[in-house]
Amino acid sequence: MSKTPEHNLEHAIERKSIRVQGVVQGVGFRPFVYRLVAEEGLAGLIGNDTDGVIIELEGPERRIKAFLARLAAETPPLARIDSVATADLTPTGETTFRIVASEILGQVGTGIPADAAICPDCLRELFDPTDRHYRYPFLNCTNCGPRFTITRRIPYDRPQTSMAMFPMCPECQAEYDDPLNRRFHAQPNACWRCGPQVWLESGVPTNRSSFVGWKSPDGVRIEPSDPIAETIERLLRGDILAIKGIGGFHLAVDAMSEEAVTRLRERKHRYGKPLAIMVRDLAAARSLCDLSAEEETLLKTPACPIVLARARQGNGVAPSVAPGIPWLGVFLPYAPLQHLLFADPRVKALVMTSANLSEEPIAIDNDEARARLGNIADAFLMHNRKILQRCDDSVAAVVDGAPQLIRRARGFVPLGIPLPLDAPPLLAVGGHLKNVFSLARGKFVYQSQHLGDLENLTGQQFFEESLCHLMHTFEIEPTAVAHDLHPGYLSTNWAKQWAGTRGLRFIAVQHHHAHIAANMAEHGLQGPVIGLSLDGTGYGTDGRIWGGEVLICHLDCFERFAHLDYTPMPGGEAAIHEPWRMAFAYLVAAGFSEGEATELVGASDQEARVVSRMIDRGINTPYTSSLGRLFDAVAAVVLNRRWVDYEAQAAIGLEGIAVDESDRIRRREYAPQLYACGRLGEANVLRLDDLWRSIVEDIRRGVPKQRIAERFHSGIAEGFIRAAANARESTGISQLALSGGCMHNRRLARYLRSGLEKEGFQVYQHRNVSPGDGGLSYGQAAVAAAILYKDISR
Ligand SMILES: [Zn+2]
Ligand SMILES: [Zn+2]
């Protein structure tokens with residue numbers, strides 16, 4: 001008899017190659033593997049290449065199995081494993097474990113890590129007087145620090161980053177070379193002796209009474225003993241400081257000083273739009289906002305996004321930080337430099353807003369900052385580590401119990417987002433405002449950082465600069481370009497031109513189809529689904545402006561089942577900034593006389609006459625089915641808000657005042673009513689007459705505006721739930737995707753999801769991709785991939 005197989009297995013030596021893909025470079029993955037290998041008593045090698053990490057392990061089968069289980073279970077905080085593929089090799093008798101050099105080989109399938117907030121270990125060292133990193137503003141390790149914003153291309157190694165110009169001192173080098181050290185291959189590793197430094201710059205105003213700029217373009221370097229201490233003093237006395245950060249400059253002022261905040265707004269030409277506030281820690285955030293457990297978790301993630309949370313009454317924050325809305329955008333310090341500012345107990349809360357003029361891209365370069373911010377900032381806290389990629393702070397909110405990204409930038413870019421099907425290399429250019437583009441290849445989409453509006457020249461330059469960088473980084477050479485159906489978008493024209501000169505195919509994708517496709521792709525769905533695309537504006541297949549849509553969607557095509565009734569939009573774009581115009585149009589369409597409508601919207605007779613004439617003659621008056629415009633219009637009437645500083649301002653105000661009401665009787669009367677169109681092949685219509693009659697009736701009866709706002713939200717939800725139920729009756733589809741900019745509205749999202757689930761729908765909400773225009777290019781990429789896939793398999 002032979003010996004038991006068990007005994008043989010115990011000692012059977014195997015060699016396996018293990019290929020790991022995902023975010024596995026520059027995130028402490030190799031030291032982690034090194035430690036596991038040592039603990040399991042294995043031998044072999046590990047190396048980075050452009051496909052990710054390759055490991056070869058030799059040892060008992062049982063040990064290799066244990067290693068693989070621990071690899072998945074104990075992944076370091078910033079790493080993300082997308083796939084692990086193993087293959088058998090012949091054992092070589094190796095007894096040690098080696099780390100082999102990075103090779104530049106093959107196609108790029110790995111992610112550059114995103115920037116991450118300082119980790120607890122580094123934070124401890126920052127304030128430890130006995131540590132050699134004490135108060136060093138640029139300390140970091142493999143678990144934290146800048147990544148994307150300092151990287152030129154992959155593989156992510158020091159020579160490919162802006163740290164290349166800082167040779168490490170012997171102590172840093174020793175940490176970097178030690179596989180068991182937290183700073184093993186931490187590419188931005190640095191200290192007081194060898195790394196970047198900060199300094200403070202000021203200038204002499206060329207005109208004493210009205211500040212118009214610096215005398216010298218280089219600024220005047222101030223030499224205080226401690227530039228950070230001096231920065232704090234200046235902030236506390238109300239100065240505006242430009243502070244160089246991770247993804248760009250911030251403009252900072254004391255958030256408790258109304259005078260300072262007002263001055264910042266005036267100099268920045270930013271009126272109305274809320275400003276983000278940075279606070280020391282979670283306790284400080286709690287003192288300004290009522291935070292849910294989910295919101296606290298979101299604040300503390302390594303991406304450190306700005307979180308929109310409900311402001312506490314009497315929190316002491318200057319009123320002009322977020323005028324007219326009940327939310328505050330708060331975030332925690334993520335760079336060591338920011339922690340040093342908050343180490344002074346007198347610093348309570350700082351407005352930290354992207355350093356730019358209105359919607360221009362954030363400034364990153366020192367000279368660029370001096371030139372562009374000279375008229376805004378009183379002084380500059382500079383440093384000499386180059387920012388290679390502009391990246392604003394990300395913005396997130398907890399919507400209906402789960403986090404949702406409103407602006408995907410620092411901390412998230414350029415992590416790949418999975419696609420449910422294989423894409424050829426392609427580019428999707430996104431929308432018009434709040435632009436984000438996407439590059440796709442294989443099963444992943446790489447979204448750019450938030451680029452802002454393309455309307456100005458710098459916006460377009462930023463677009464091209466980022467595209468060039470991401471194409472280069474991921475080595476993606478697009479074979480097709482997806483764009484919005486709107487013929488007037490700059491991104492559309494740009495896409496056609498770009499695709500034209502390269503002889504590429506271009507694919508037009510309808511705006512609201514792209515929104516739903518983004519949701520579907522995020523959840524791995526290929527359809528069919530019922531899609532509620534509730535949005536501001538998007539160009540429809542009939543040339544009208546859509547935005548309150550019930551669609552039947554596949555990834556590659558869609559049908560329109562129903563939409564909000566078309567209403568004139570007097571003055572086009574102007575109706576967005578003057579929502580009373582929309583309200584006037586809705587009221588007249590609902591059967592109110594022009595006199596009544598004029599009074600209800602608070603317009604002068606002269607104004608009403610002009611708008612009325614525009615509607616009658618169709619002058620510059622497109623038709624829209626937009627839910628966003630309906631929100632604006634209702635807000636205009638209920639809140640007497642005739643003008644807004646930015647899109648959706650009035651609607652946000654309406655959401656903000658709505659109160660929970662147990663009595664939902666009025667809900668049915670407020671709900672838009674579904675009417676069959678009657679014509680074959682045309683979508684059903686959700687009519688708004690009852691809604692407007694109910695609102696006006698409630699206003700005249702003196703019902704508090706808080707309750708009218710609530711009834712409006714629940715009525716809208718009710719109308720769309722009924723329309724969805726109707727769509728299910730005629731199609732049998734019960735999977736439902738929610739998307740579009742209106743899904744940022746928490747109350748609406750909650751009512752829709754709970755109501756639809758009660759009706760038996762399986763409801764999908766956005767999680768990693770924005771429901772607004774920030775998610776558009778991801779949806780375009782999914783649609784284009786599905787169309788191209790179909791063409792190939794045909
Ligand atoms: Zn760290
Ligand atoms: Zn050093």
Side-chain angles (χ1 to χ4, degrees), residues 23-35 74-80 111-151 156-159 161-199 228 245-247 280-282 299-305 331-343 383-386 391 410-412 415:
V23 182
V24 289
Q25 295 184 359
V27 289
F29 198 76
R30 284 180 299 176
F32 157 68
V33 168
Y34 192 94
R35 185 171 55 77
E74 300 170 27
T75 312
L78 298 182
R80 190 187 81 192
I112 302 184
D115 302 290
I118 185 171
C119 72
D121 289 328
C122 286
L123 191 57
R124 202 157 34 240
E125 290 168 352
L126 183 65
F127 293 112
D128 176 0
T130 66
D131 193 278
R132 69 186 195 89
H133 300 94
Y134 178 56
R135 293 185 64 84
Y136 180 58
F138 303 96
L139 87 168
N140 62 82
C141 72
T142 49
N143 296 322
C144 70
R147 300 284 190 275
F148 171 69
T149 51
I150 58 163
T151 305
Y156 170 67
D157 267 339
R158 195 169 176 111
T161 72
S162 59
M163 288 302 292
M165 60 176 282
F166 301 100
M168 278 181 278
C169 68
E171 276 170 298
C172 285
Q173 188 70 50
E175 291 172 336
Y176 184 91
D177 292 336
D178 176 3
L180 291 176
N181 193 287
R182 205 173 90 242
R183 297 198 164 92
F184 175 63
H185 282 242
Q187 306 306 344
N189 189 29
C191 73
W192 283 112
R193 273 177 72 191
C194 63
Q197 305 292 335
V198 295
W199 69 91
I228 289 166
I246 301 292
R280 179 178 300 108
D281 51 21
L282 215 47
L299 275 169
K300 288 187 299 184
T301 56
C304 236
F331 61 146
L332 302 180
Y334 50 86
L337 181 61
Q338 295 158 353
H339 278 280
L340 292 170
L341 295 176
F342 281 99
H383 65 69
N384 57 347
R385 184 175 67 197
K386 269 203 167 128
C391 209
R410 181 190 46 75
F412 296 94
L415 300 180

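Counting starts at 1 for both ligands and their atoms, following the listed order. Index from 1, following the sequence. Model, not experiment: these values are computed from the prediction.
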* Indicate the atoms forming the closest heavy-atom contact of Ile150 with Met163, along with that distance. => CD1-CG, 4.3 Å
* Under the criterion side chain to side chain contact (heavy atoms under 4.5 Å, CB included), which of Cys169, Pro170, Pro167 is the partner of Cys194? -> Cys169
* To do: Give a yes or no on whether the backbone of Lys386 and the side-chain of Ser162 come within a donor-acceptor separation of less than 3.5 Å.
  => yes
* To do: To the nearest 10 degrees, could you say what angle the Zn ion (ligand 2) makes with SG of Cys194 and SG of Cys191?
  => 120°
* Evaluate the side chain to side chain contact (heavy atoms under 4.5 Å, CB included) criterion for residues Tyr136 and Asp131: first the C-alpha distance (whole Å), next the side-chain angles of each, then the deciding distance (0.1 Å), finally the verdict. => CA-CA 10 Å; Tyr136 180 58; Asp131 193 278; over 6 Å; no
* **Count of N, O or S atoms belonging to protein, less than 2.8 Å from the Zn ion (ligand 1)** => 4
* Minimum heavy-atom distance Val27-Pro76, with the two atoms named -> O-CB, 3.9 Å
* Does Cys119 offer a backbone N or O that forms a donor-acceptor pair with the side chain of Asn143 under 3.5 Å? -> no
